[in-house]
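Taking it in order: structure first as structure tokens, then the write-up.
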Amino acid sequence: MAADSSSNLRIMVERNPPESRLAELNIKCWPKWGCSPGKYQLKFDAEETCYLLKGKVKAYPKGSSQFVEFGAGDLVTIPKGLSCTWDVSLAVDKYYKFESSSS
């Protein structure tokens, strides 16, 4: 039986990280992005780390009925190669950074 190649693409959520962790990551120097409520098809061509200032999201990995929920105050890492649908119930405002490691 073949292993599902997307099973190792997991969204990691760090709930309410301490201010020291955010300062260590220099989050306030990252670009900002926002979106209004709705459904968005997203494909991550690089690993993204983001910190949500506001909003609420249910992220459904492609081909799965399970979801990962995150929102304001969460530090989220989305793996490279993940395709998912973001179901945004509260408008999102976030800082984000893409890993720039080249292979």
Side-chain angles (χ1 to χ4, degrees):
M1 184 190 319
D4 178 2
S5 63
S6 66
S7 62
N8 60 349
L9 297 179
R10 299 233 184 276
I11 298 172
M12 307 297 292
V13 180
E14 196 178 323
R15 308 238 181 247
N16 298 309
E19 196 60 47
S20 59
R21 171 110 165 96
L22 301 179
E24 175 188 312
L25 291 169
N26 210 13
I27 278 177
K28 292 192 167 88
C29 292
W30 295 1
K32 282 176 96 174
W33 181 85
C35 68
S36 54
K39 288 193 178 183
Y40 302 89
Q41 303 290 328
L42 301 172
K43 167 119 174 62
F44 292 86
D45 295 323
E47 179 181 279
E48 178 184 330
T49 302
C50 59
Y51 178 71
L52 276 76
L53 298 167
K54 61 183 187 183
K56 190 179 248 341
V57 177
K58 285 183 183 172
Y60 293 85
K62 189 174 184 177
S64 174
S65 60
Q66 298 186 356
F67 62 87
V68 176
E69 190 167 13
F70 48 89
D74 290 339
L75 183 65
V76 182
T77 304
I78 301 160
K80 178 181 179 177
L82 183 73
S83 291
C84 61
T85 299
W86 276 30
D87 185 353
V88 178
S89 56
L90 289 173
V92 167
D93 189 16
K94 70 175 187 174
Y95 285 109
Y96 71 96
K97 181 182 82 156
F98 289 107
E99 281 311 316
S100 55
S101 59
S102 54
S103 45

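Contact of the Pro17 side chain with the Tyr51 side chain is registered, since non-hydrogen atoms from C-beta on lie closer than 4.5 Å. Taking the side chain as every heavy atom from C-beta outward, Ile78 and Trp86 approach each other to under 4.5 Å.
We find the CE-OG1 distance between Met12 and Thr49 to be 11.0 Å, quoted to the nearest 0.5 Å. Between the SG atom of Cys29 and the NZ atom of Lys97 there is a distance of 11.5 Å, given to the nearest 0.5 Å. Rounded to the nearest 0.5 angstrom, Thr77 OG1 and Arg10 CZ are separated by 14.5 Å. Lys58 contributes atom NZ, which lies 13.0 Å from atom CD of Gln66 (distance to the nearest 0.5 angstrom). Rounded to the nearest 0.5 angstrom, Leu52 CG and Asp93 CG are separated by 8.5 Å.
Between Tyr60 and Phe67, the ring planes lie tilted relative to each other; the angle falls in the 30° to 60° range.
Relative to the ring axis of Phe44, Lys80 does not place its NZ or CZ within 45° and under 6.0 Å from the centre.
Of all heavy-atom pairs spanning Tyr96 and Trp30, the tightest one is O-CB, 3.3 Å. When every heavy atom of Pro37 is checked against every heavy atom of Ala91, the shortest pair comes out as CG-N, 3.8 Å. Counting all heavy atoms, side chain and backbone alike, Lys43 lies closest to Ser83 at CD-OG, 3.1 Å. When all heavy atoms of Pro61 and Cys84 are compared, the pair lying nearest together is CA-CB, 3.8 Å.
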| request: Go through the steps to decide whether Leu25 and Leu75 satisfy the test side-chain contact (heavy atoms from CB on, under 4.5 Å), and finish with yes or no. | output: CA-CA 11 Å; Leu25 291 169; Leu75 183 65; 3.7 Å; yes
| task | Check the pair Lys54 / Leu90 against side-chain contact (heavy atoms from CB on, under 4.5 Å), numbers first and verdict last. | result | CA-CA 8 Å; Lys54 61 183 187 183; Leu90 289 173; over 6 Å; no
| message | If you apply the rule side-chain contact (heavy atoms from CB on, under 4.5 Å), what do you find for Leu53 with Lys32, and how did you get there? | response | CA-CA 10 Å; Leu53 298 167; Lys32 282 176 96 174; 3.5 Å; yes
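Both Leu82 and Val88 are assigned to one and the same hydrophobic cluster, defined by single-linkage of ILVMFWY side chains at heavy-atom distances under 4.5 Å. Under the 4.5 Å side-chain heavy-atom criterion for grouping Ile, Leu, Val, Met, Phe, Trp and Tyr, Val76 is connected to Phe98 within one hydrophobic cluster.
In Lys28, the NZ atom is not crowded: 12 or fewer heavy atoms of neighbouring residues, nucleotides or ligands sit closer than 6.0 Å.
Take Val68 and apply the side chain to side chain contact (heavy atoms under 4.5 Å, CB included) test, not counting sequence neighbours, and it matches Ile11, Val13, Phe70.
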